[in-house]
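Scroll down for the structure; my scribbles are underneath it.
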Amino acid sequence: MNRKIAQLSLLVRDYDEAISFYVEKLGFVLIEDTPLSQTKRWVVVAPSTGGEGCRLLLAKAVGDEQVSRVGNQTGGRVFLFLFTDDIHRDHQRLVAHGVRIDREPSVEAYGTVLVFQDLYGNLWDMIQPNN
């Protein structure tokens, strides 16, 4: 059996502000932005155009329960893990774009890691693996 997680939903307050953050500040690629109705869009971003990695579906929160989860989808734990081939380059990009860094790069047994927040406060690990 050959399976993989191809896409995750990430609750956002607003499509355009989320696209701006992920594309302009993190350097993600906008894969798709398709209107589904007057208020709903299918918005997909990815760290690269390669197609092998997991994509994010930016899902606009609807209703009080979903809105209450924006920025805290995992109860304050690191939510997403972004691997990189050059953590120092990407760290500089994050800082230059005003992204909040919660933990500066540190060397761990598995590689170099930093923790940052997305525009809503979800925690991300950025990891440059040792291998």
Side-chain angles (χ1 to χ4, degrees):
M1 189 178 313
N2 183 12
R3 301 187 289 176
K4 67 179 179 178
I5 295 175
Q7 194 160 276
L8 296 172
S9 292
L10 179 65
L11 289 171
V12 301
R13 283 191 201 105
D14 178 82
Y15 293 117
D16 293 322
E17 73 179 5
I19 291 169
S20 177
F21 178 83
Y22 285 97
V23 172
E24 294 172 19
K25 294 190 178 196
L26 295 189
F28 280 32
V29 176
L30 179 61
I31 303 295
E32 185 175 355
D33 185 356
T34 303
L36 300 177
S37 71
Q38 287 187 332
T39 58
K40 190 173 183 180
R41 292 157 55 184
W42 187 263
V43 178
V44 178
V45 296
S48 67
T49 58
E52 287 298 314
C54 190
R55 298 172 172 192
L56 292 178
L57 172 68
L58 303 178
K60 185 175 179 182
V62 177
D64 292 341
E65 186 172 354
Q66 288 182 18
V67 169
S68 75
R69 302 301 195 277
V70 173
N72 191 19
Q73 291 189 211
T74 59
R77 293 196 51 111
V78 169
F79 178 42
L80 297 162
F81 298 80
L82 180 63
F83 280 32
T84 180
D85 62 348
D86 188 339
I87 199 163
H88 299 293
R89 172 201 64 214
D90 292 339
H91 177 243
Q92 289 177 351
R93 179 188 182 103
L94 295 176
V95 170
H97 285 91
V99 175
R100 182 171 170 184
I101 306 295
D102 279 18
R103 191 172 98 196
E104 296 292 327
S106 62
V107 177
E108 304 295 337
Y110 51 87
T112 305
V113 62
L114 68 82
V115 180
F116 71 92
Q117 291 186 25
D118 69 15
L119 75 164
Y120 300 115
N122 291 302
L123 294 176
W124 287 66
D125 269 5
M126 179 180 284
I127 301 169
Q128 181 178 344
N130 285 336
N131 50 4

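Positions are given from 1 along the sequence. Just so we're clear, the structure is a prediction, and the values are computed from it rather than from any experiment.
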Any chance the side chains of [X] and [Y] put a donor and an acceptor closer than 3.5 Å?
{"X": "Glu104", "Y": "His91", "result": "yes"}
{"X": "Tyr22", "Y": "Asp118", "result": "yes"}
{"X": "Ser68", "Y": "Gln66", "result": "no"}
{"X": "Gln117", "Y": "Asp102", "result": "yes"}

Hey, quick one: are [X] and [Y] part of the same hydrophobic cluster, counting side-chain heavy atoms closer than 4.5 Å, chains of contacts allowed?
{"X": "Leu11", "Y": "Leu80", "result": "yes"}
{"X": "Tyr120", "Y": "Ile101", "result": "yes"}
{"X": "Phe28", "Y": "Leu94", "result": "yes"}
{"X": "Trp42", "Y": "Val12", "result": "no"}
{"X": "Leu56", "Y": "Val78", "result": "no"}

Does some side-chain heavy atom of [Y] sit less than 4.5 Å from a side-chain heavy atom of [X]?
{"X": "Gln128", "Y": "Tyr110", "answer": "no"}
{"X": "Val99", "Y": "Phe21", "answer": "yes"}
{"X": "Thr112", "Y": "Ile127", "answer": "no"}
{"X": "Asp64", "Y": "Arg69", "answer": "no"}
{"X": "Met126", "Y": "Ile87", "answer": "yes"}
{"X": "Leu114", "Y": "Ser106", "answer": "no"}
{"X": "Val95", "Y": "Gln92", "answer": "no"}
{"X": "Leu26", "Y": "Phe116", "answer": "yes"}

_Arg77 atom CZ: more than 12 heavy-atom contacts under 6.0 Å_ =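 Count not over threshold, so no.
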*Ile5 CD1: over 12 foreign heavy atoms closer than 6.0 Å*: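 Counting other residues, nucleotides and ligands, CD1 of Ile5 stays at 12 neighbours or fewer.
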Shortest non-hydrogen contact from [X] toward [Y]:
{"X": "Pro47", "Y": "Cys54", "result": "CD-O, 3.8 Å"}
{"X": "Arg89", "Y": "Asp85", "result": "NH2-OD1, 2.8 Å"}
{"X": "Ala61", "Y": "Val70", "result": "CB-CG2, 3.6 Å"}
{"X": "Phe79", "Y": "Ser9", "result": "CZ-O, 4.5 Å"}
{"X": "Arg41", "Y": "Tyr15", "result": "N-OH, 3.0 Å"}
{"X": "Ala46", "Y": "Ile31", "result": "CB-CG1, 4.0 Å"}

*Salt bridge or not for Lys60 and Asp16, using N-O below 4.0 Å?*
no
_Between the side chains of Glu108 and Arg103, is the shortest nitrogen-to-carboxylate-oxygen separation below 4.0 Å, so that they form an ion pair?_
yes
What's the separation between atom [atom1] in [X] and atom [atom2] in [Y], rounded to the nearest 0.5 Å?
{"X": "Asn122", "Y": "Leu10", "atom1": "CG", "atom2": "CG", "answer": "5.5 Å"}
{"X": "Asp14", "Y": "Ser20", "atom1": "CG", "atom2": "OG", "answer": "10.0 Å"}
{"X": "Glu32", "Y": "Leu58", "atom1": "CD", "atom2": "CG", "answer": "11.5 Å"}

*asked:* If we ignore hydrogens and angles and just use 3.5 Å, is the side chain of Arg93 paired with the main-chain N or O of Lys25 as donor and acceptor?
replied: yes
*Go through Ile19 and Asp33 one step at a time and tell me if the side chain to side chain contact (heavy atoms under 4.5 Å, CB included) criterion holds.*
CA-CA 9 Å; Ile19 291 169; Asp33 185 356; 3.6 Å; yes
